[in-house]
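Structure first, commentary second.
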2 protein chains.
Amino acid sequence: MSQHRHPGAPGRAGAVPALPDLPEATVARLPEYLRALHNLADTGHETVSSEGLSAAAGVNSAKLRKDLSHLGSYGTRGVGYDVALLIEQIEYVLGLTQRRAVALVGVGNLGHALAGYDGFASRGFRIAALLDADPSRVGEEINGLVVRHVDDLPTVAAEESLAIGVIATPAAAAQQVADQLVAVGVTSILNFAPCVLSVPEGVDVRKVDLAIELQILSFHEHRKASLTALPATGGSALTALPGGFAATDTQEAIGT
Amino acid sequence: MSQHRHPGAPGRAGAVPALPDLPEATVARLPEYLRALHNLADTGHETVSSEGLSAAAGVNSAKLRKDLSHLGSYGTRGVGYDVALLIEQIEYVLGLTQRRAVALVGVGNLGHALAGYDGFASRGFRIAALLDADPSRVGEEINGLVVRHVDDLPTVAAEESLAIGVIATPAAAAQQVADQLVAVGVTSILNFAPCVLSVPEGVDVRKVDLAIELQILSFHEHRKASLTALPATGGSALTALPGGFAATDTQEAIGT
DNA sequence: CGCGATTTGTGCACGTCTTCACAAGCGCCT
DNA sequence: AGGCGCTTGTGAAGACGTGCACAAATCGCG
Ligand SMILES: NC(=O)c1ccc[n+]([C@@H]2O[C@H](COP(=O)([O-])OP(=O)(O)OC[C@H]3O[C@@H](n4cnc5c(N)ncnc54)[C@H](O)[C@@H]3O)[C@@H](O)[C@H]2O)c1
Ligand SMILES: NC(=O)c1ccc[n+]([C@@H]2O[C@H](COP(=O)([O-])OP(=O)(O)OC[C@H]3O[C@@H](n4cnc5c(N)ncnc54)[C@H](O)[C@@H]3O)[C@@H](O)[C@H]2O)c1
């Protein structure tokens with residue numbers, strides 16, 4: 001409300017104003033709002049209502065409003081949110097006003113795809129270095145960057161202020177790489193290897209595991225199948241799809 | 001407890017026994033337990049305690065026990081869990097007793113990496129088809145599979161019983177691809193494109209967005225920086241690490 | 001200038017998830 | 001057989017997240 005915690009005007013860095021400490025769930029949604037806002041800005045919208053934005057981001061509008069209220073947001077009742085202003089706000093809170101340097105370790109199958117991904121640059125990041133342990137990979141040029149040896153990490157860290165390390169090595173090497181990243185001062189890690197990393201307190205790790213996502217989907221698939229096999233207990237009007245014969249359950253039967 | 005809901009013994013499919021409906025949070029952790037269990041099995045462990053398994057999976061042991069208790073699990077007090085049995089249990093619940101067929105749409109930069117990923121096969125899935133809209137990509141062979149045109153999807157679906165669709169196309173094409181997948185009966189989608197998909201009720205969508213993960217890390221990075229700048233206001237006894245000056249710098253010292 | 005339409009910001013109630021703490025159960029050793 | 005140590009399974013409490021519903025604020029218009 002009126003207590004507008006002068007929001008560290010995005011242009012006005014310097015004396016870092018204490019960030020409101022947002023609920024983790026909110027933080028996880030802000031990037032989604034940001035993406036939706038950029039789409040809106042690109043299509044010429046100047047303002048957007050919580051209803052409109054929440055639809056574009058795929059969430060409930062009350063949730064969106066509460067999320068935005070946490071960052072002392074600037075909506076106008078009866079009108080909505082100023083798109084450009086809100087983008088600034090969110091980018092500021094997410095720390096995207098400075099383009100953060102990312103070190104990508106492990107330039108194999110997946111690493112190549114990541115290295116060539118333009119989503120880094122367009123969403124606030126910059127690949128500062130490509131690193132690999134395989135001598136035959138060192139020296140290769142990808143997208144204008146030369147692959148360096150992972151043991152050069154200290155040198156790289158000295159040249160650039162690395163904000164985030166991305167691990168795309170096999171699981172067996174991931175912990176060692178994490179240790180190396182931590183050793184040069186990296187405090188945020190995104191891990192694609194299917195394993196848990198142990199890191200000292202103060203270091204954040206996020207994980208992306210394709211197989212986990214698939215297995216979660218598999219569970220729901222399994223459950224849907226087992227439900228349609230039963231005489232629709234709670235029924236829950238499964239509308240939408242014409243012909244209730246539920247596509248999927250068939251495959252359970254096939255199994256041979 | 002004693003009500004051991006005869007757990008549809010993994011070997012004994014057939015009359016699909018109603019699945020316990022697990023809390024979503026639990027479902028999301030089961031794959032992690034499964035991976036840890038496989039590691040344990042490979043290293044010759046026959047049993048494991050909740051303490052040991054939870055450590056390997058990176059969670060709290062009470063949480064692990066509660067999760068397992070939801071699937072009427074078979075632990076032995078004083079001993080722990082039988083590794084092989086627990087693997088069977090979890091694989092059954094996740095619906096991994098049958099190898100599910102995955103259709104991968106969009107064989108570009110990222111799609112190539114996914115197509116060459118052995119984590120599919122080793123974790124319960126099988127790439128049944130590679131699809132792309134670009135005529136110049138159709139016919140290309142990757143890892144023993146030939147890329148087919150996305151319009152062949154109905155044919156593919158007729159040949160195989162597709163369980164899951166993976167979308168790795170640009171965001172602009174993702175909704176259309178999703179519609180096509182739904183049209184041929186796919187009810188589970190994993191989406192790598194940075195956009196929200198709208199699908200009919202009964203279809204599950206999960207999203208993997210690299211930029212979102214990075215932005216979440218960026219937020220914490222930003223916050224850590226703004227905290228160390230301040231003279232520990234609410235302090236919240238940030239114990240553990242000696243020298244209150246914020247965790248991170250210590251490991252800096254280790255380096256070299 | 002006032003009124004109605006619109007939309008934000010939030011109090012509140014509810015559901016879900018996490019964590020502690022401990023009784024009950026199990027195996028082993030004497 | 002009995003006791004002891006270990007580990008599971010779970011009750012209860014609290015933290016957290018969600019969504020409804022509505023008062024307060026703002027705009028545009030007559
Ligand atoms: N390929 C995918 O689509 C995919 C999808 C999800 C997850 N993953 C995971 O991502 C990781 C990489 O997968 P990939 O298919 O690119 O494997 P890959 O074998 O093609 O590439 C791994 C790369 O890491 C390098 N490497 C090995 N040890 C290293 C070390 N200590 N330091 C630095 N670099 C090192 C290797 O030289 C190689 O270039 C794996 O853990 C995999 O499970 C891959
Ligand atoms: N490359 C990465 O590391 C990475 C990481 C995260 C997310 N993503 C996302 O994954 C998606 C793919 O990225 P990419 O780098 O592989 O892009 P890409 O342009 O290299 O590949 C996209 C592929 O999709 C195909 N395609 C386009 N329209 C299609 C349609 N209607 N039906 C079927 N196929 C179609 C194209 O022919 C092309 O082969 C993008 O949305 C991107 O934002 C990529």
Side-chain angles (χ1 to χ4, degrees), chain A residues 1-5 7 20-30 32-33 36-37 40 45-83 85-86 89-90 93 216 220 234 236, chain B residues 1-5 7 20-30 32-33 36-37 40 45-83 85-86 89-90 93 216 234 236 239:
Chain A
M1 44 178 61
S2 55
Q3 178 200 335
H4 265 159
R5 72 159 68 255
D21 66 347
L22 309 172
E24 194 54 35
T26 296
V27 174
R29 283 187 294 264
L30 288 181
E32 199 70 59
Y33 303 155
L37 283 165
L40 287 167
H45 295 73
E46 303 248 313
T47 65
V48 64
S49 69
S50 66
E51 203 64 51
L53 182 53
S54 69
V59 305
N60 177 305
S61 71
K63 186 149 53 176
L64 174 102
R65 286 198 298 277
K66 190 155 288 185
D67 283 341
L68 294 186
S69 79
H70 282 125
L71 33 99
S73 150
Y74 280 53
T76 308
R77 296 174 187 219
V79 176
Y81 298 91
D82 181 294
V83 172
L85 180 60
L86 198 48
Q89 287 274 316
I90 294 180
V93 170
I216 294 172
H220 290 296
S236 80
Chain B
M1 47 178 59
S2 51
Q3 178 201 335
H4 264 159
R5 71 162 67 255
D21 66 347
L22 309 172
E24 193 54 34
T26 296
V27 174
R29 282 186 295 264
L30 288 180
E32 199 71 58
Y33 303 155
L37 283 164
L40 288 167
H45 295 73
E46 303 247 317
T47 64
V48 64
S49 70
S50 67
E51 204 64 51
L53 182 52
S54 69
V59 305
N60 178 305
S61 72
K63 185 150 53 176
L64 175 104
R65 286 198 298 278
K66 188 152 287 186
D67 283 342
L68 294 186
S69 78
H70 282 125
L71 33 100
S73 150
Y74 281 53
T76 308
R77 295 173 187 222
V79 178
Y81 299 89
D82 181 293
V83 172
L85 179 59
L86 198 47
Q89 286 275 317
I90 295 179
V93 171
I216 294 172
S236 76
T239 61

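Convention: sequence-line order gives letters A, B, ...; per-chain numbering from 1. Below, each value reflects all heavy atoms present in this structure, side chains not excepted, and no hydrogens, waters or symmetry copies.
- Of the candidates C:dC17, C:dA21, D:dT8, the closest approach to any side-chain atom of B:Ser50 belongs to D:dT8.
- B:Ala25 comes within 4.0 angstrom of sugar-phosphate atoms only, judged by non-hydrogen atoms across all strands, and of no base.
- The separation between A:Glu24 atom CD and C:dT16 atom P is 22 Å, rounded to whole Å.
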**Q.** side chain to side chain contact (heavy atoms under 4.5 Å, CB included) between A:Val59 and A:Arg29, intermediate numbers included
**A.** CA-CA 9 Å; A:Val59 305; A:Arg29 283 187 294 264; 4.1 Å; yes
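- Annotation: side chain of B:Tyr33 is in contact with side chain of B:Leu64 (closest heavy-atom distance under 4.5 Å).
- Closest to the side chain of B:Ser49, from the set D:dT7, D:dG9, C:dT7, is D:dT7.
- Taking 4.5 Å as the limit, every side-chain heavy atom of A:Thr47 sits out of range of all side-chain heavy atoms of A:Thr76.
- For B:Ser69, counting side-chain heavy atoms from C-beta on, the closest listed nucleotide (D:dC27, C:dT10, D:dT10) is D:dT10.
- Each of D:dA21, C:dG11, D:dG17 was ranked by its minimum atom distance to the side chain of A:Lys66; first place goes to C:dG11.
- Residue A:Arg29 places at least one side-chain N or O closer than 4.0 Å to OP1 or OP2 of D:dT18.
- Between B:Arg65 atom CZ and C:dT19 atom P the separation is 12 Å, expressed in whole Å.
- In this structure, the OH atom of B:Tyr74 is 17 Å from the P atom of C:dG25, given to the nearest Å.
- Side-chain proximity of B:Ala62 to C:dC20, C:dC26, C:dG9: nearest is C:dC20.
- A:Ala57 and A:Glu32 get closest at one heavy-atom pair: O-CG, 3.7 Å.
- Judged by distance alone, with hydrogens and angles left aside, B:Arg77 brings a side-chain donor or acceptor within reach of the base of D:dT8, the pair sitting under 3.5 Å.
- Here A:Lys63 reaches the OP1 or OP2 of D:dT18: one of its side-chain N or O atoms lies under 4.0 Å away.
- The shortest distance between the side-chain N/O atoms of B:Tyr81 and the OP1/OP2 oxygens of D:dG9 is below 4.0 Å.
- Note on B:Asn60: a side-chain N or O is less than 4.0 Å away from OP1 or OP2 of C:dC20.
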